[in-house]
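Okay, so here's the structure we're looking at.
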Amino acid sequence: MGMQTLTLFGSPHPISQNAVVPRHAMSRSSETSFPTLTTISISFSQLQDKNADLSFKIEEGFGPNGLGILSVTDVPGYSSLRRNLLHLAPRLANLPKEVKEDLEDPHSRYNFGWSHGKEKLESGKPDILKGSFYANPILDTPTTEASLIQRYPSYCRSNIWPRNALPELEVAFKALGKLIFDIGLMLAYHCDQYVSKGMKIHKDEGLESILHRSRCHKGRLLYYFPSQQGVPDGNSLSSWCGWHTDHGSLTGLTCSMFTRDGVEIACPDSAAGLYIRTRNNQIVKVVYGKDDIAYQIGETTEILSGGYLCATPHCVQAPKGEESSGIERSTFALFMQPDWDEKLNFPEEVHIHKEVCIL
């Protein structure tokens, strides 16, 4: 694995190298030397209330000493929408080769439609462990302007749906993506309320406004193929997804669904899952409920908020051991990001306070 240098941007508060992440439930698995933390959570009813002061929760989850992630609980209708879409991931991945080839869009750099083996692992080898299906769940055609489509093909091209081979996918993808987007906007409102206590946010320049008018949000349905011989580099912490920090504004995540031979099962390895490198350079495993929506801050939001909201590097470890043979994993992420022509006004001072080198 090569060395990746990640720059984290300025915080409004000094960060102690020995700081302890506050109020997270913590346990330690015998299979891993890393502590397990449960995300800070906010209920849907709390989030709905625009008069509620959620600054304390926002700071705990997204602030300078937080994990850069929090979860939203008790969202009406979410559980069934999650299940409906994630159950379609293996069906999509197992469509005939020629059908999947028709769903590929090389002109978008495979950022629309089906993608398998087009990305590279940290080792530099093609990633054949998982397949992805990308689409904009809010707009099928973000723009018809040819110059924009040519300039920004990863955002401006149109969705591709398997309307004959798997017509249920479009409905399920859009329904779940739209719900995660709507909850994300509600969360963004409260993020703005928190940030505005520390710095001035000009009208229509807050996170909620930026996301609301954007036309280039991107959903990604991921399917991890079953492995009979174990995952290559299976002993690596980042064996399923390499270390990275989201570059957008806000990412919505479902809890993964694990199946074997089409039957949903619990993950057989408690050490598998999402790992985060904290602001004080500790690695922790992070968990949240199956019926919760998790949200992570991206680097764009960290910069625009002057460091009041913080992004963190993270990776995903695959399950290990004989019990993990034949395991499939399905999950969904919604990447919410500014529009391609959004004029972003950066704070007058953005202090770079730390570099994290991920080995």
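The residues of the chain are indexed from 1 along the displayed sequence.
Between the S209 side chain and the G206 main chain, no donor and acceptor come within less than 3.5 Å of each other. T278 places no side-chain N or O within 3.5 Å of a backbone atom of L67 that could act as its donor or acceptor partner. Panel note: side chain T254, backbone F332; a donor-acceptor pair is recorded below 3.5 Å. K100 places a side-chain N or O within donor-acceptor distance of the main-chain N or O of A93, the cut-off being under 3.5 Å. A donor-acceptor pair under 3.5 Å is absent between the side-chain atoms of D339 and the main chain of E342, judged by distance alone. Panel note: side chain H190, backbone L47; a donor-acceptor pair is recorded below 3.5 Å. A donor-acceptor pair under 3.5 Å links the side-chain atoms of S214 to the main chain of Q337, judged by distance alone.
If you check the side chains of S249 and T300, you find no donor sitting under 3.5 Å from an acceptor. In this structure, a donor-acceptor pair under 3.5 Å is present between the side chains of S256 and R329. One side chain, S132 or R220, offers a donor N or O that lies under 3.5 Å from an acceptor on the other. Using modelled atom types, one finds a donor on one side chain and an acceptor on the other under 3.5 Å when comparing Q46 with S43. Between the side chains of D105 and S108, at least one donor N or O sits under 3.5 Å from an acceptor N or O. A donor atom on one side chain and an acceptor atom on the other are found under 3.5 Å apart for E145 and S147.
Ring centroids of F62 and Y194 are separated by 6.0 Å or more, keeping the two rings apart.
For the pair L253 and Y288, the minimum side-chain heavy-atom distance is below 4.5 Å. Residues W340 and C156 have side chains in contact (heavy-atom distance under 4.5 Å, counting atoms from C-beta outward). Side-chain atoms of Y78 and F44, non-hydrogen and from C-beta on, never get closer than 4.5 Å to each other. In this structure, the side chains of H314 and I69 stay at 4.5 Å or more apart for every pair of heavy atoms. Looking at M199 and V195, their side chains come closer than 4.5 Å, going by heavy atoms from C-beta outward. Side-chain contact between C310 and R279: present, with at least one pair of heavy atoms (C-beta onward) separated by less than 4.5 Å. At least one side-chain heavy atom of C255 sits under 4.5 Å from a side-chain heavy atom of R82. I183 has its side chain within reach of M186: a pair of non-hydrogen atoms, C-beta onward, lies under 4.5 Å apart.
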Practice task
Tell me, with the steps shown, if H116 and Y110 meet ring-ring contact (aromatic ring centres under 6.0 Å, His included).
Solution key: CA-CA 9 Å; H116 181 221; Y110 299 95; over 10 Å; no
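With respect to R260 and E328, no salt bridge is recorded, no charged nitrogen being found less than 4.0 Å from a carboxylate O. K97 has no carboxylate O lying under 4.0 Å from a charged side-chain N of E104, or vice versa, which leaves the two without a salt bridge.
Residue D49 comes nearest to N51 through the heavy atom pair OD1-N, 2.9 Å, listed as atom of the first residue, atom of the second, then distance. Shortest non-hydrogen contact noted between S324 and P319 is OG-CB, 3.2 Å. Looking at every heavy atom in both residues, N136 comes nearest to K218 through N-CD, 4.3 Å. The shortest non-hydrogen separation linking A311 to T245 is CB-CG2, 3.6 Å. Heavy atoms only, all atoms of each residue included: G184 and Y295 are closest at N-OH, 3.3 Å. Between W243 and Y275, the closest heavy-atom pair is CZ3-O, 4.0 Å.
Within 6.0 Å of NE2 in H212 there are 12 or fewer heavy atoms belonging to other residues, nucleotides or ligands. Under a cut-off of 6.0 angstrom, the local environment of CD in E101 is crowded, with over 12 non-hydrogen atoms contributed by other residues, nucleotides or ligands. The 12-atom threshold is exceeded at CD of E98, counting heavy atoms of other residues, nucleotides or ligands nearer than 6.0 Å. In R213, the CZ atom is crowded: over 12 heavy atoms of neighbouring residues, nucleotides or ligands sit closer than 6.0 Å.
Note: H217 and F181 have tilted aromatic rings, judged against thresholds of 30 and 60 degrees for the angle between ring planes.
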Give the table of side-chain donor-acceptor pairs shorter than 3.5 Å for residues 70-77, with sequence neighbours excluded, one pair per line with atom names and distance.
unit_1, atom_1, unit_2, atom_2, d
S71, OG, T39, OG1, 2.8

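Looking at N84, L85, L92, L88 one by one, the single match for side-chain contact (heavy atoms from CB on, under 4.5 Å) with E168 turns out to be L88.
Listed by first and then second residue, the salt bridge (Lys or Arg N to Asp or Glu O under 4.0 Å) pairs that reach into residues 187-209 are D53-K197, sequence neighbours excluded.
A cation-pi arrangement is found for K50 relative to Y189, the charged atom lying closer than 6.0 Å to the ring centre and inside a 45° cone about the ring normal.
D140 meets the side-chain hydrogen bond (donor to acceptor under 3.5 Å, both in side chains) test with N159, W161, K174; sequence neighbours excluded.
There is a path of hydrophobic side-chain contacts, each under 4.5 Å, that joins L139 to I160.
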